[in-house]
Chemist: 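Encoded as C-alpha cells, here's the structure I'll be asking about.
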Amino acid sequence: MDSSINENPSPTRPRWRKVAYGGMQPGFDDNHTDETFLEAMVMNANVVKRSMLKVMQDSVSISQYLCIVALVVLVWTCTLRSTLNENTLLLLDVSLLGLGFLVLILTAEMMSLNLLFHYFINISFFTTGLYVSAPIYQTLTRSISSDSIWAVTVSLLILHLFLHDYSGSTIRAPGALKNPNLTSCISLNASVVASVFIASRLPSRIQVFAIMLFSLQVFLFAPLVTYCIKKYSFQLHLWFSFGLMVLTLAFVYMLHRLLFVLLLGLLVFVTVVCPYWLIRIQEYKFEINGPWDEAKLCFDITE
Amino acid sequence: MGDQKRHRILMVSDFFYPNFGGVENHIYYLSQCLLKLGHKVVVLTHAYGNRSGVRYMTGRLKVYYIPWKPFLMQNTLPTFYGTLPIMRTILIREKISLVHGHQAFSTLCHEALMHARTMGYKVVFTDHSLYGFADVGSIHMNKVLQFTLADVSQAICVSHTSKENTVLRSGLPPEKVFVIPNAVDTAMFTPAPEKLSHNEIVIIVISRLVYRKGADLLVEVIPEICRLFSNVRFIVGGDGPKRVRLEEMREKNSLQDRVEMLGAVPHARVRSVLISGHIFLNSSLTEAFCIAILEAASCGLLTVSTRVGGVPEVLPDDMIVLAEPDPSDMVRAIRKAISILPKIDPQVMHLRMKKLYNWHDVAKRTEIVYDRALGCSNQNLVDRLSRYLPCGGWAGKLFCLVMIIDFLLWRLLQLWQPTEDIEEVPDFSLPNSECPEFKEDGSLSLR
C-alpha cells in the first residue's frame with residue numbers, strides 16, 4: 001500500500017482520497033461517493049444575464065437590415081414594372097454613393113485623404129467593370145423562365161438574410177477586428193447572385209447597369225455604413241433605424257397592402273417577440289464546466 | 001475464501017487487437033487476469049482487414065471478429081438491429097452470464113449492450129474517456145450514452161474525474177459507478193539496467209501528434225527549454241497531423257541535433273525509447289487517465305504533465321510534476337523536474353509502481369462489480385421501459401420504441417432459430433503447464 005496514507009492514532013478509518021493509485025482504499029468501496037463529489041463543477045460561468053431593453057435595442061440591427069433588403073426588393077419591383085426609369089435609377093445610385101461617402105467621412109475615426117482617394121479609385125474601377133460587363137448580365141438568363149428566376153431569387157434572399165452577419169460587416173471596416181467567417185461570405189455571395197438574376201430580366205443595357213450598381217452598392221456597402229454609424233453613436237443608430245423602418249413601411253404600404261401587413265408583423269416579431277422568448281428560455285440554460293473540460297490554449301496557433 | 005462463483009463474461013468493444021491503444025490494452029490485460037482468476041472470458045469485436053472469424057489468444061482467450069467492417073474511426077456502422085442475430089448466437093453458444101462493454105465511442109458496444117439487456121443478461125459498462133457538453137458531437141454522444149446507461153446494471157470509470165464526467169453526462173446515480181483505474185504491466189516496462197548519467201538530460205515525448213494531445217504546446221515549449229538549458233535533448237516519438245508543425249519548429253530554431261523525431265513507435269519498442277531518457281513529458285489537453293504516464297513511471301522516468309482531467313490522480317506527488325496547460329508554466333515545471341532529477345532512483349520508482357498498480361488488483365475489483373451486477377434483480381420489459389422514459393420528452397419515447405422493436409425482433413428470432421438448435425461450447429479446463437507465466441509479486445509476463 002502507498003505509505004503516504006495518513007493514519008490517525010485513533011481506530012477510525014483513514015480519510016478517503018481522490019487518487020487512483022494504491023488499489024482499493026481501506027474501508028471504502030470503489031463506488032464510494034464522497035462529499036467532495038462534483039465539488040469542482042462550475043455552473044453557468046459564462047452565461048450573460050440579459051435585460052429586455054438591451055436585447056430589444058440589439059435586435060434593432062436585424063430589423064434595420066430587413067428594411068434595407070425590403071427597400072432593395074421594392075426598387076427591383078418598381079424597375080421590373082418600369083415604374084422607375086434608368087435616369088431615376090442612375091440618380092439614385094449616385095446619391096446613395098455620395099451619402100455613403102459622407103457618412104464614412106463623418107463617422108470614421110481613421111479617415112485620411114489618402115484612404116478616401118483609395119476608396120474613390122476602387123469605386124471607379126468597380127463601376128467601370130460593371131458597365132463593361134452589363135451586356136453579359138443582360139443575356140444571362142434569357143433561356144430560363146421567369147418563374148424559376150423569381151423562385152431562385154426569393155430563396156437566395158432568404159438564405160442571405162439567414163446567414164448574414166448582423167453584428168459587423170463582411171467588408172472590413174477600418175478598425176474592425178473580426179475576420180469575416182464562412183457563413184457571412186456565403187450570404188454575401190447569395191445576395192450578389194440574386195441581384196444578377198434580377199438584373200438579367202431587364203430589357204436595356206443602361207437599366208441593367210443601373211440596377212446592378214444599385215444592388216451591389218447596397219449589399220456590399222450598406223453593412224459597412226451601418227456598422228460605422230453604430231460605432232460612432234448608438235443614439236444615431238437607433239434614430240436612423242427608426243426612420244428607415246418608417247420609410248420602408250410607407251413605401252410598402254403604397255405598393256401592396258398584404259406585404260405591408262407581413263412586413264409589419266415580421267418587424268414586430270423580431271423586435272418584441274423574439275427578445276421576450278429569448279429571455280424566457282434563458283432560465284433553462286445549464287452550462288457545465290469542470291476539471292474534465294478540454295484545456296483551451298491561451299495563444300493563437302499560427303500555421 | 002470459499003467457492004467463488006465463476007462468471008462467464010463477454011467483453012464487447014470496437015477497439016481490440018490488432019490495434020494498440022488504451023482501451024485495447026485494458027481489455028486484453030483485464031481478460032487475462034480474469035482468466036487467471038478462473039472466470040471465462042470471450043471478446044467480441046469487429047473484423048480487422050482479413051482477420052475475421054474466431055481467434056484464440058494467450059491463455060485461451062477466445063475472440064470473435066464478427067464480419068462487420070469499420071466505417072468511421074474504427075467504429076462499425078450503427079444499424080441498430082443488425083448485430084442482434086450474431087450476438088444472440090454468441091451469447092447462447094458460450095453460455096455467457098454477463099456482458100461488459102467498453103468505451104462510449106464504440107457503436108458496437110452500445111448495440112451489444114442494448115441487445116444484451118433485451119435478452120435479459122446483466123450488463124456492465126466501462127467508460128474510458130472524457131467528453132464535453134457543449135458541441136454538437138458531444139450532445140449527440142451523451143444522448144446515446146444516456147440511452148445505454150439508462151438500463152445498465154453497473155458502470156465503471158477509470159478515474160474519479162471520469163466518474164464525475166460520466167455521472168453528469170448520463171444522469172446515472174453516483175452509487176452505481178465504480179472507480180477502477182487502469183494499471184500497467186510492470187514486467188514489460190522495467191527501467192534501464194544501468195542508471196543514465198546526468199551530463200545530458202533527455203526528455204522523452206511519446207504521443208500521437210494531434211491537437212488533443214497538446215502538440216501545439218510542445219511547439220512552444222521545446223525551443224524555450226532548448227534555449228534555457230544547453231544540456232537538454234528531446235526525443236519525440238509518434239506521428240500525426242501536427243508533425244509538420246514540429247518539423248517546422250525544428251528547422252526554424254536549428255534544433256536538428258537537439259530534437260530527434262522518431263516517427264510512429266510500435267508498441268513493442270516503446271520501452272526501449274523510454275529507457276533512453278530521464279524525464280517524460282505529457283502535454284495533453286484532456287485525459288481521463290493517462291497510461292503513458294504509468295509506463296514512463298514504471299521505467300523509472302520522472303513525469304512532467306499538464307494538470308488536466310484525471311492526471312492529478314494518477315501518480316503520487318513525488319513522481320510527477322504538474323503544470324497548467326500554458327507554455328510558461330510548463331517551462332517552470334520542467335525546470336523543477338530537472339532540479340529534482342538527481343534524487344530520483346529509477347529502480348526505487350519501478351518497485352513503487354509495482355505496488356501502486358497491478359492488473360490482478362484491477363481484476364479482483366472488477367470481479368466485485370460483476371458480483372454486484374449479477375445480484376441485481378431481473379426486470380421484465382415493462383419495468384425496463386419505465387427507465388427509458390425520463391431520458392427526455394421526445395427521446396424517452398423514441399428509446400422506448402427502439403427497445404420494443406428490439407424485443408419483438410428477439411422473439412421472432414427465437415421462433416426462427418430456437419435456442420435448442422444452437423450448440424453450446426463445452427467447458428474444459430486447461431492443464432497448469434500451459435498457463436501464461438505469472439510471477440508471485442503479481443506482475444504478468446506474457447509470452
Side-chain angles (χ1 to χ4, degrees), chain A residues 1-7 13-48 181-183 280-303, chain B residues 130-134 154 156 158-165 167-168 173-182 211-212 214 216-217 219-220 245 284-286 288-289 294 306-310 312-318 324-327 352-353 355-358 361-362 364-365 368-369 372:
Chain A
M1 270 316 220
D2 190 54
S3 58
S4 58
I5 291 177
N6 47 348
E7 279 168 304
R13 60 188 181 178
R15 264 187 327 127
W16 182 87
R17 288 160 77 233
K18 193 178 177 185
V19 292
Y21 51 83
M24 247 171 114
Q25 300 195 25
F28 296 100
D29 278 338
D30 277 326
N31 64 340
H32 168 82
T33 311
D34 206 44
E35 299 93 49
T36 57
F37 188 66
L38 288 180
E39 200 177 46
M41 179 170 82
V42 179
M43 301 202 292
N44 286 343
N46 299 327
V47 170
V48 171
N181 51 12
L182 179 67
T183 48
R280 275 290 303 279
I281 61 177
Q282 274 255 297
E283 294 165 19
Y284 299 109
K285 186 142 179 91
F286 182 39
E287 192 188 346
I288 309 172
N289 288 105
W292 47 79
D293 284 335
E294 188 175 296
K296 290 214 179 357
L297 293 176
C298 53
F299 51 89
D300 283 325
I301 303 171
T302 49
E303 289 291 336
Chain B
L130 294 175
Y131 287 99
F133 298 92
Q154 303 291 341
I156 301 176
V158 292
S159 67
H160 298 284
T161 310
S162 178
K163 175 175 172 173
E164 293 178 351
N165 185 243
V167 164
L168 282 173
E175 297 73 42
K176 249 192 179 176
V177 184
F178 288 74
V179 176
I180 302 176
N182 286 326
Y211 173 77
R212 243 180 145 221
D216 298 297
L217 277 173
V219 169
E220 303 290 322
R245 285 203 75 208
S284 332
L285 299 181
T286 176
F289 187 95
L294 294 190
T306 43
R307 187 194 303 272
V308 286
E313 306 167 25
V314 171
L315 285 177
D317 296 325
D318 50 344
E324 301 302 319
D326 170 58
R352 270 184 83 190
M353 281 303 290
K355 298 202 192 77
L356 290 179
Y357 283 104
N358 187 339
D361 180 53
V362 170
K364 286 208 191 72
R365 289 157 84 175
I368 297 176
V369 178
R372 278 278 198 104

Chemist: Provide the closest heavy-atom pair for A:A20 versus B:F289 in the form atom of the first, atom of the second, distance.
Modeler: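 Heavy atoms of A:A20 and B:F289 come nearest at CB-CE1, 3.9 Å.
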Chemist: For A:F299, is it the side chain, the backbone, both or neither that has a heavy atom under 4.5 Å from a heavy atom of chain B?
Modeler: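 Only the side chain of A:F299 comes within 4.5 Å of chain B.
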Chemist: Is atom CE of A:M43 surrounded by more than 12 heavy atoms (other residues, nucleotides or ligands) closer than 6.0 Å?
Modeler: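 No, the 6.0 Å shell around CE holds no more than 12 heavy atoms from other groups.
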Chemist: Hey, does B:V179 have a side-chain heavy atom less than 4.5 Å from the side chain of A:H32?
Modeler: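 No, side chains not in contact.
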Chemist: Is there side-chain contact between A:L297 and B:Y211, with heavy atoms separated by less than 4.5 Å?
Modeler: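 A:L297 reaches B:Y211 side chain to side chain.
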Chemist: Is chain A contacted by the side chain of B:E324, its backbone, both, or neither, given a heavy-atom distance below 4.5 Å?
Modeler: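 B:E324 has no heavy atom closer than 4.5 Å to chain A.
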Chemist: Identify the two heavy atoms, one from A:Y21 and one from B:P316, that lie closest to each other, and give their separation to 0.1 Å.
Modeler: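 Where A:Y21 meets B:P316 most closely, the heavy atoms are CE2-N, 3.4 Å.
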Chemist: For the candidates B:L285, B:T286, B:L217, which exhibits the highest count of non-hydrogen atom pairs separated by less than 4.5 Å from chain A?
Modeler: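 Of the options given, most contacts go to B:L285.
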Chemist: Atom CG in B:D361, atom CE in A:M24: separation rounded to 0.5 Å?
Modeler: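 Going from the CG atom of B:D361 to the CE atom of A:M24 covers 8.5 Å.
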Chemist: For B:L168, which atoms come within 4.5 Å of any heavy atom of chain A: side chain, backbone, both, or neither?
Modeler: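 Side chain only.
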Chemist: B:H160 and ring-ring contact (aromatic ring centres under 6.0 Å, His included): which single residue from A:F37, A:W292, A:W16 fits?
Modeler: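 Going through A:F37, A:W292, A:W16 one by one, the ring-ring contact (aromatic ring centres under 6.0 Å, His included) with B:H160 is satisfied by A:W16 alone.
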Chemist: Distance from B:K176 atom NZ to A:T33 atom OG1, nearest 0.5 Å?
Modeler: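 If we round to the nearest 0.5 Å, B:K176:NZ and A:T33:OG1 are 13.0 Å apart.
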Chemist: Enumerate the salt bridge (charged side-chain N to carboxylate O under 4.0 Å, His left out) contacts for residues 281-295 of chain A, please, sequence neighbours excluded, ordered by first and then second residue.
Modeler: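 Checked against salt bridge (charged side-chain N to carboxylate O under 4.0 Å, His left out) - neighbours excluded - the pairs reaching residues 281-295 of chain A are A:E294-B:R212.
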Chemist: So which residue, B:D326, B:L315, B:T306, B:D318, ends up with the most heavy-atom pairs under 4.5 Å with chain A?
Modeler: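 Most heavy-atom pairs under 4.5 Å with chain A: B:L315.
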Chemist: Among residues two or more places apart or on two chains, list those pairs meeting salt bridge (charged side-chain N to carboxylate O under 4.0 Å, His left out) that have a residue in residues 26-46 of chain A.
Modeler: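 Every salt bridge (charged side-chain N to carboxylate O under 4.0 Å, His left out) pair that includes a residue of residues 26-46 of chain A, provided the two are not neighbours, is A:D29-B:R372, A:D30-B:R365.
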Chemist: Could you tell me which portion of B:I368 (side chain, backbone, both or neither) has an atom closer than 4.5 angstrom to a non-hydrogen atom of chain A?
Modeler: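 The answer is the side chain of B:I368.
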Chemist: Give the member of B:G132, B:G214, B:S162, B:P174 that has the highest number of heavy-atom pairs under 4.5 Å with chain A.
Modeler: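 Highest number of pairs under 4.5 Å: B:P174.
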Chemist: Can you say whether B:V219 sits under 4.5 Å from chain A via the side chain, the backbone, both, or neither, judging by heavy atoms?
Modeler: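 Looking at B:V219, nothing touches chain A.
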